[in-house]
J.: 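Supplied in structure tokens, the structure appears directly below.
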Amino acid sequence: MVLKALGPFSALGALVVVGLVWYYFSPEYTNVGYKPSQPIEYSHKLHAGDLGMDCRYCHTSVETTAFAGVPPVQTCMNCHKLILTESEKLKALYESWDSGKPIAWTRVHDLADYVYFDHSAHLNAGVGCESCHGNITQMDVVKQVHSLSMAWCLDCHRNPDKHLRPKSKVTEMGWVPPANQLEMAQKFKKERNLKPSSDCTVCHR
């Protein structure tokens, strides 16, 4: 008798458990906010924000290849041969320079191995870095701000209008879309022949 009375509550409890597992084990919960410690305390806020360095100075291949690329030590040393040469915070940089051993950066935005993503295709379509990475110029420590889940990617492929901008603005952080953004997006889609596919083979090859 008691079990019969508890029946509806047991079913409800099972649904709650399934819902909690579904959310707390999803990328929305497990990945968003991820910001690992790095071998060097590199501040994007200082370099890209305060100093105004363009993303492409360090991520040189982002417009031409699938990968944004991590800058070699030489790129850092272009400035740090002269700047803060005695800083303890940069000890790992100078050790890498002297030894020739690359710095072991920890990847923040790490898609599954079975997912194909092409940075150049998105930038050349006019999708800003900020759409996926957030406003890097405000981050002392880079963190993941979006889930990068399949559903999240598909939402953009199905309705990319709010993410499209002039190609000259793709690396500009804090870019404010104009009032006619949707009209402008239609123009860009026609000019750039943009037809984002939601076919499985686009990302799973």
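Because only heavy atoms are used, hydrogens play no part in the values below, and waters and symmetry mates are left out as well, while side chains stay in. Here the structure is a predicted model, which means the values were calculated and not measured.
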J.: Run the side chain to side chain contact (heavy atoms under 4.5 Å, CB included) check on H44 and M53 step by step: do they pass?
T.: CA-CA 9 Å; H44 278 76; M53 290 172 62; over 6 Å; no
J.: Applying the side-chain contact (heavy atoms from CB on, under 4.5 Å) criterion to V115, which one of M150, R205, H204 satisfies it?
T.: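 Answer after filtering M150, R205, H204: H204.
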J.: How are the rings of Y42 and W105 set to each other: parallel, tilted or perpendicular (split at 30° and 60°)?
T.: perpendicular
J.: Looking only at heavy atoms, which two atoms of D199 and T201 are closest? And how far apart?
T.: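 Minimum heavy-atom separation between D199 and T201: OD1-OG1, 2.5 Å.
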J.: Looking at CG of D118 and SG of C203, how far apart are the two atoms once the value is rounded to the nearest 0.5 Å?
T.: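 It is 10.5 Å, given to the nearest 0.5 Å.
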J.: Might you work through the side chain to side chain contact (heavy atoms under 4.5 Å, CB included) test for W175 and C129, ending with a clear yes or no?
T.: CA-CA 11 Å; W175 183 73; C129 305; over 6 Å; no
J.: Is the count of non-hydrogen atoms from other residues, nucleotides or ligands lying under 6.0 Å from E191 atom CD greater than 12?
T.: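 Yes - once you tally the heavy atoms of other residues, nucleotides and ligands closer than 6.0 Å, there are more than 12.
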J.: Do the side chains of L154 and L148 join up, straight or via other hydrophobic residues, at under 4.5 Å, putting them in one cluster?
T.: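 No, separate clusters.
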J.: With the 4.5 Å side-chain cut-off for hydrophobic clustering, are V73 and Y57 part of the same group?
T.: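 No, V73 and Y57 fall in different hydrophobic clusters.
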J.: Looking only at atom types and distance, does a side-chain atom of T65 sit under 3.5 Å from a main-chain N or O of S61, one as donor and one as acceptor?
T.: yes
J.: Apply the test side chain to side chain contact (heavy atoms under 4.5 Å, CB included) to residues S43 and D140: give CA-CA distance (whole Å), side-chain angles for both, the deciding distance (0.1 Å), then the verdict.
T.: CA-CA 4 Å; S43 171; D140 277 315; 2.7 Å; yes
J.: Decide yes or no for M139 and K35: does some side-chain heavy atom of the first lie under 4.5 Å from some side-chain heavy atom of the second?
T.: no
J.: Within a radius of less than 6.0 Å around NZ of K143, do more than 12 heavy atoms belonging to other residues, nucleotides or ligands occur?
T.: no
J.: What's the separation between atom OG1 in T171 and atom CD in E130, rounded to the nearest 0.5 Å?
T.: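 It is 10.5 Å, given to the nearest 0.5 Å.
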J.: Heavy atoms only: give me the nearest R192-P166 pair and the separation to one decimal.
T.: NH2-CA, 3.8 Å
J.: Run the side chain to side chain donor-acceptor pair (under 3.5 Å) check on D161 and Q186 step by step: do they pass?
T.: CA-CA 7 Å; D161 294 17; Q186 295 304 315; 2.7 Å; yes
J.: CG/L182 to NZ/K187 distance, rounded to the nearest 0.5 angstrom?
T.: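 Separation between the atoms: 14.5 Å.
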J.: For H146, is there any backbone N or O sitting under 3.5 Å from a side-chain donor or acceptor partner on N31?
T.: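 Side chain of N31 to backbone of H146, a donor-acceptor pair under 3.5 Å: no, none is there.
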J.: Answer with yes or no whether the hydrophobic clustering places V62 together with F117; edges join I, L, V, M, F, W, Y residues whose side-chain heavy atoms lie under 4.5 Å apart.
T.: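 In one cluster with V62: F117, no.
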J.: Would you kindly confirm whether L93 and L84 end up in one hydrophobic cluster when ILVMFWY residues are joined by side chain heavy atoms under 4.5 Å apart?
T.: yes
J.: Where do L164 and K189 come nearest, in terms of heavy atoms and distance?
T.: CD1-CG, 3.7 Å
J.: Atom CD in E95, atom CD1 in I40: separation rounded to 0.5 Å?
T.: 9.5 Å
J.: Looking only at heavy atoms, what is the nearest atom pair of G174 and N135, with distance?
T.: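 Result for this residue pair: N-ND2, 3.8 Å.
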J.: In terms of relative ring orientation, are H109 and H133 parallel, tilted or perpendicular, with 30° and 60° separating the classes?
T.: perpendicular
J.: Please tell me if the side chains of Q181 and H163 come closer than 4.5 Å, counting only heavy atoms from C-beta onward.
T.: no
J.: Please indicate whether Q74 has more than 12 foreign heavy atoms, meaning atoms of other residues, nucleotides or ligands, lying under 6.0 Å from its CD.
T.: yes
J.: Is there side-chain contact between K45 and D50, with at least one heavy-atom pair below 4.5 Å?
T.: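 When only atoms from C-beta onward are counted, D50 and K45 do touch, with a gap below 4.5 Å.
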J.: Measure the NE2-NE2 distance between H59 and H119 for me, rounded to the nearest 0.5 Å.
T.: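 The NE2 atom of H119 is 8.5 Å from NE2 of H59, to the nearest 0.5 Å.
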J.: What are the two closest non-hydrogen atoms of P196 and P160, and how far apart are they?
T.: CG-CG, 4.0 Å
J.: Same hydrophobic cluster for L194 and L123, using side-chain heavy-atom links shorter than 4.5 Å among ILVMFWY?
T.: no
J.: Distance check, rounded to the nearest 0.5 Å: S96 atom OG versus M77 atom CE?
T.: 9.5 Å
J.: Taking all atoms of both residues into account, what is the closest heavy-atom pair of A66 and S120, and its distance?
T.: N-OG, 4.4 Å
J.: Is there a side chain to side chain contact (heavy atoms under 4.5 Å, CB included) between V142 and Q38? Walk through the geometry before answering.
T.: CA-CA 10 Å; V142 171; Q38 300 288 358; over 6 Å; no
